[in-house]
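Down below is the structure, laid out as structure tokens.
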Amino acid sequence: MRLQAIRSALLAWYGSARRDLPWRRTSDPYAIWISEVMLQQTRAAAVIPYYERFLRAFPNAAALARAPQEQVLAMWAGLGYYSRARNLQKAARQIVESGEFPRDYDSIRALPGVGDYTAAAIASIAFHQPCAAIDGNVRRVAARLAGSNEAGDLPPRLLDRADPGRWNQAMMELGATVCLPRAPKCGECPIARFCAANSRHAQHEFPAKRARPHPIRLRRTLLLIRRGEKILFTPSARVKGFWDLPETIPGARIGAQLGHFRHTILHRHYRFTLRLAEAKKIPPAGRWFDPGQWAAIPLSTTAKKALRLAP
DNA sequence: AAAGCGTGGGT
DNA sequence: TACCCAAGCTT
């Protein structure tokens, strides 16, 4: 494999074709860490507004460490995989405790919520350490390049030791914009001439696809219970740490149907019906929030969708 | 080590 | 509509 020729071709392409993403304008390890955690299993386009708001609210590890967890979850609401937000804050407290952001791969890897990929990304981008960051994009690019689903040794061999952070981002950018999972744009690919899969017209064979759990369809009713401007919320039955509209309240009088919406949580496909209701006795865990408070509390996505239907 | 964890955009 | 799957980590 012509490693140096591949490096030159990909880096030349990255120099001219990369997207302008906000986390590429910083060299602050804290900001790079936040962006990498937000990007776990999440598209760049979805991350951008969250990244900007989060850094404004919590500009450094100390600010994140001292914030109430409710405020951190409220900022994360809608981004998904909420254990990321809890781990982020746990890690921020460790960083403040230790006095500085960890600078080497092993110490970064030891932070809660940071696995092999994220540690390598931070170490290479923020600290110029020679670590290959291997995410889903890089695995796919490597598998096609080598024409094999056992190409795990390729990313570290290919890593550009002169600028590992830039190299890792170039590999991921190629996977995210050109070497796409279902319909790769091989005609636009700067390294197609080195690609074993492309030469055999076998791009679709890589990577091997995994089995998925079969979908489950569910129906649920949410209740809209008002007291003046305030609405009754209860702890979410689906997403830990979030507030949702109640589903059932003993003795409640169920009234008019206000609308429907769909919501999927992993393989569970819900169809929700929103109904007006009145309740004499409310559950002890219930709390009343008016619209002015909704931005400051962790509100589940189902509650947000339901409230859009409320007259 | 397989399974659980969210959501939204693309096809 | 239905399905795919994304800059993964934890237990």
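Only heavy atoms go into these numbers, but all of them, side chains included; no hydrogens, no water, no symmetry mates. Proteins get letters first, then strands, A, B, ... in listed order; numbering begins at 1 in each.
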Distances for protein N or O near nucleotides 9-11 of chain B N or O, under 3.5 Å:
unit_1 : atom_1 : unit_2   : atom_2 : d
B:dG10 : N2     : A:Arg182 : NH2    : 3.4

Query raised in the report: Has A:Glu229 got more than 12 heavy atoms of other residues, nucleotides or ligands less than 6.0 Å from its CD?
Result: no

Query - Base-pairing string, 5' to 3', of DNA chain B - Watson-Crick or wobble, under 3.5 Å, | interstrand - result: .||||.|||||

Report, one pair per line, the protein and nucleotides 3-5 of chain B atoms (nitrogen or oxygen only) whose separation is under 3.5 Å.
unit_1 : atom_1 : unit_2   : atom_2 : d
B:dC5  : OP2    : A:Arg268 : NH2    : 3.0

Query raised in the report: Looking at DNA chain C, which of residues 154-167 of chain A put a heavy atom within less than 4.0 Å of it?
Result: none

Requested in this report: Would you indicate whether the side-chain heavy atoms of A:Leu3 and A:Leu154 approach each other to under 4.5 Å?
Outcome: yes

Query - Presence of donor-acceptor pair under 3.5 Å, side chain of A:Thr42 and base of B:dG6 - result: yes

Query - Whichever of A:Ile134 and A:Arg217 has its nearest DNA chain C nucleotide further upstream toward 5' - result: A:Arg217

Query raised in the report: Should A:Gln41 be listed as having a side-chain N or O under 4.0 Å from OP1 or OP2 of C:dG8?
Result: yes

Query raised in the report: For atom P, what is the distance between C:dA7 and B:dA2, given to the nearest Å?
Result: 24 Å

Query raised in the report: More than 12 heavy atoms of other residues, nucleotides or ligands under 6.0 Å from CZ of A:Arg253: is that the case?
Result: no

**Report entry** Nearest-Å distance for atom pair CZ/C1', residues A:Arg140 and C:dC4
**Finding:** 12 Å

Query raised in the report: NZ of A:Lys305 versus P of B:dT7: gap in Å, rounded?
Result: 8 Å

Pick out the pairs of N or O atoms, protein on one side and nucleotides 9-11 of chain C on the other, that lie under 3.5 Å.
unit_1 : atom_1 : unit_2   : atom_2 : d
C:dC9  : OP1    : A:Gly115 : N      : 2.7
C:dC9  : OP1    : A:Gly115 : O      : 3.4
C:dC9  : OP1    : A:Thr118 : N      : 3.1
C:dC9  : OP1    : A:Thr118 : OG1    : 2.7
C:dT10 : OP1    : A:Gly113 : N      : 2.5

**Report entry** A:Ile32 and A:Thr26, any side-chain heavy atoms less than 4.5 Å apart
**Finding:** yes

Requested in this report: For B:dG8 versus C:dC9, give the span between their P atoms, rounded off to a whole number of Å.
Outcome: 22 Å

Query raised in the report: By side chain to side chain donor-acceptor pair (under 3.5 Å), which residues pair with A:Arg217, not counting sequence neighbours?
Result: none

